[in-house]
Every structure is written in C-alpha cells, then in structure tokens.
Amino acid sequence: MNAQTQHEAKSEHDLSIQIQGQLGMIALDRVKHLNALSLEMVQGIYQQLETWLEQDQVQAVLIHSNSPKAFCAGGDIRYLYDSFQTDKNDYRDYFAAEYALLEYIRQYKKPIIVMLDGFVLGGGFGLAQACHIQVSSEKSRFAMPETIIGFFPDVGATHFLSRLDEVGVYMALTGEQISSSDALYLDLLDYHVQSEQFTTLQTALSSAQTLNERRIREIIGGFITDPAPSQLQAMAERLNKHFGFATLDEIEKSLADEKYPNDIEWAQKTLHAIQQRPKMAMQTSLKLQQIGQSLSLEKCMKLERDVQDIWLEQGDFIEGVRALLIDKDKNPQWKTDNTAFEKKLATVFTAGQKQQVEHIE
Ligand code: QUE
C-alpha cells in the first residue's frame, strides 16, 4: 500500500475514519450498541462527507461497520427517550440531523458504497438504502422493527417498503427480518458477496487507481456469489393473500380465518405478533405505506418528518423504549385512547393525501 496515501485511522464520534488509496472509509464504531446511530455519528458522517467532497484524492466513499454482529441496529432510541424526558421538543433535532444526512448521501457527487454484514435494522436499513452501491453478505438480516417499540418505519420506508406492495406492508407491520437473498429478490440490494471476502474486497477497492462508479461495479463484480434461495419469495403467495387489505382489522381477520393447513400455524403466530403491537403505531404504519405508494421519495420523507414531529407526545414510543431498553420488563402498557392525538395526525395525513392527488394529476 502506498505510504503517502495510507492515513492513520482516527476514531471519534463513534466512527473510525481513514483514507486508503482513493477510498474514504467510514466505519460505524459504536460496537457495544450494535452501532445504533447517535447524533454525534450522524453529524460526524455528514461532516466527513463534506470534507471529502473537496478533497480530490478521495474518489469514492465506503461506509461499513467495525462490529462483527451488526452494520447498524437503528437510531439512538435511548437518546430520544432521555432527551424527551429533559425537554419535550429536543428530540426533533435528532430526526432533522438524520434526515439531512440521508438527503446529503443521496445527492452526493462521489459514489458511496455500503457494506452490510450482520443486522441492518431501522435507521441502519434507511442509511443503507440511501447509499449508492449496496453490498451485503449471507450474514445480514434486514428489518424495520419500529412498531415493536410503538414507532413506525421511517428513514424512507414510506417509499422503499411501499414499492413492495403486500410484502412491504408485511415488513412494516410485523418488523420481521429478511435475508440478503430476500433483499436481492426485492431489489433492495445491488450485490451479494460472502462475508469472508469483505476484507479482500475492501483492499481491491482501496488499491484501484480510479474509483468511478463503473470501475467500482467492475471490482465488486469479481467478488459476487449466488445467494441462497429467497425464503420470502416462497412466502409471496401467503403475504399477498393477507396483507393487501385497506385496514388493520381486515388484515387481522384474514389471518384469523386462514384455513389452509400448511399456513394456519404461521397465520396464528403472525396474528399474535401483530396484536402485541400498539394500535396507533400499526395503523399509522399501514397508512404511511398506503399513502407513500404514490408519493415521490421527497414527499415520503416530508410526510415521515411531519409524523415524527408530533409522534413522541403520543406516548407509545416512550413506553416502548422504557419496556424494551430502560426497565427491560418487556411489558409495555400501550395507550388505549388516542382520540386527541388522532385528530392531530389526521391533519398531517390530509396534507399528505392532498400531495398524493397532486402527484397523480
Ligand atoms: C425496534 C427498534 C430498535 C430496537 C429495537 C426494536 C432500534 C434500535 C435498537 C437498539 C438496539 C441496541 C442498542 C441500542 C438501540 O433497538 O431502532 O442503543 O444498543 O436502535 O424492537 O426500532
């Protein structure tokens, strides 16, 4: 490796940053938290990308992880919980920074590659989707599990899941994990590379003289392997049968009424999981998938931001994080009366639906 272009890795903001050859590398390095994205990490990535945009030596960027288990487990929900306890308004700054980063990555002028190996959940899934070239291994597991904590799939899921029709609704409501094989089948990924090849691939990328998009794809092409068959593909018929309904009640009824012997156990298990989740989060997640389907990415992101802005006051998110992460009693007490909040939310959705009409016209 060329000594002049090999920079010391520096570690701050829970990121490890280095330049090798023409490749700027950002490793998520908050290993104890499965790389849950702290505000400092979000801002650190943004600032590093800004710096590299002006630096001619850096021709492409790689975002990866220093954790053997996870690319990224999601947003920093503990921070959101704490900041809401201190100041009821502060939490919005976190979402603003996260969305600014996603937008910045999407429009970035140099190619941004992401290498996924392990859990790719929630905010991690959104970050991966925003990157330009996605590589993933047989070890990756993808999910949008937000309804479990009384939240809704955000970070662009209103766009990237809603394009998957019933499968997207299934993923948004149940938070079930899918494999790289499934993600490739759904067109959510570009390349499948064996986990054990990741280091060699990184070396190949950082040894290249030029790193434009064509050259990067050529290099990665030398490492791709066929993934195992997609299990989700095999489930497509089940999912289409149960997750295409307009309301949550109809989806639940359909699962409850499943009569086909091979599917009864799965339908009952799925129904049970759905019924554990707070109604408000489930109904909102379903509605976002339905409205998002005919909205542009920008409008989907705006709609998610508008819902986020009022969400924590509703209470189920705070209760969900309390039960899962803070007290760890795994016994959340969800809100049963959401009348006042539903009115507020309806205003946001009406605005979103109006955009939908304008979009179709
Ligand atoms: C749903 C989620 C998240 C989750 C669990 C869910 C999420 C998230 C984390 C998480 C995991 C490990 C950590 C951490 C956070 O868990 O978004 O700080 O150490 O970030 O059921 O959406």
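Indexing begins at 1, ligand by ligand and atom by atom, following the structure's order. Only a predicted model underlies this, so the values are computations on that prediction, with no experimental measurement involved.
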Q) What residue and atom, counting heavy atoms only, is the protein's closest point to atom 5 (C) of ligand 1, and at what distance? A) L324 CD2, 3.5 Å

Q.
Tell me whether K302 is salt-bridged to E298, with the criterion being a basic N under 4.0 Å from an acidic carboxylate O.
A. no

Q.
If the contact criterion is a heavy-atom separation under 4.0 Å, does G123 count as touching ligand 1?
A. no

Q.
So for ligand 1, is I148 a polar contact partner (N or O within less than 3.5 Å, distance only)?
A. no

Q) Do the charged groups of D309 and R92 touch, with an N to O distance under 4.0 Å? A) yes

Q | Polar atom proximity, A73 to ligand 1 (N or O, under 3.5 Å) | A | yes

Q: Considering heavy atoms of the protein only, find what lies nearest to atom 13 (C) of ligand 1 and give residue, atom and distance to 0.1 Å.
A: H33 O, 3.6 Å

**Q.** Non-hydrogen atom of G74 closer than 4.0 Å to ligand 1
**A.** yes

Q: Would you mind running through ligand 1 and noting each atom that sits below 4.0 Å from a heavy atom of G75?
A: 8 (C), 17 (O), 20 (O)

Q) Tell me: protein heavy atom nearest atom 4 (C) of ligand 1, and distance? A) I77 CD1, 3.8 Å

**Q.** Ion pair check, K241 and D263, cut-off under 4.0 Å
**A.** no

Q) Taking NZ, NE, NH1 and NH2 as the nitrogens, is one of them in R78 or D82 under 4.0 Å from a carboxylate oxygen of the other? A) no

Q | Charged N-O contact under 4.0 Å between K253 and D257 | A | yes

**Q.** Region of A36 engaging ligand 1 - heavy atom pairs below 4.0 Å
**A.** side chain

Q: Pick one of side chain, backbone, both or neither for how L37 approaches ligand 1, counting any non-hydrogen atom pair under 4.0 Å.
A: neither

Q | Salt bridge D329-R322, side-chain N to carboxylate O under 4.0 Å | A | yes

Q. Can you tell me which residue and heavy atom of the protein come closest to atom 1 (C) of ligand 1, and the distance to 0.1 Å?
A. P145 O, 3.4 Å

Q | Heavy-atom closest pair, residues V58 and K110 | A | O-NZ, 2.7 Å

**Q.** N-O pairing of R217 and E213 below 4.0 Å
**A.** yes

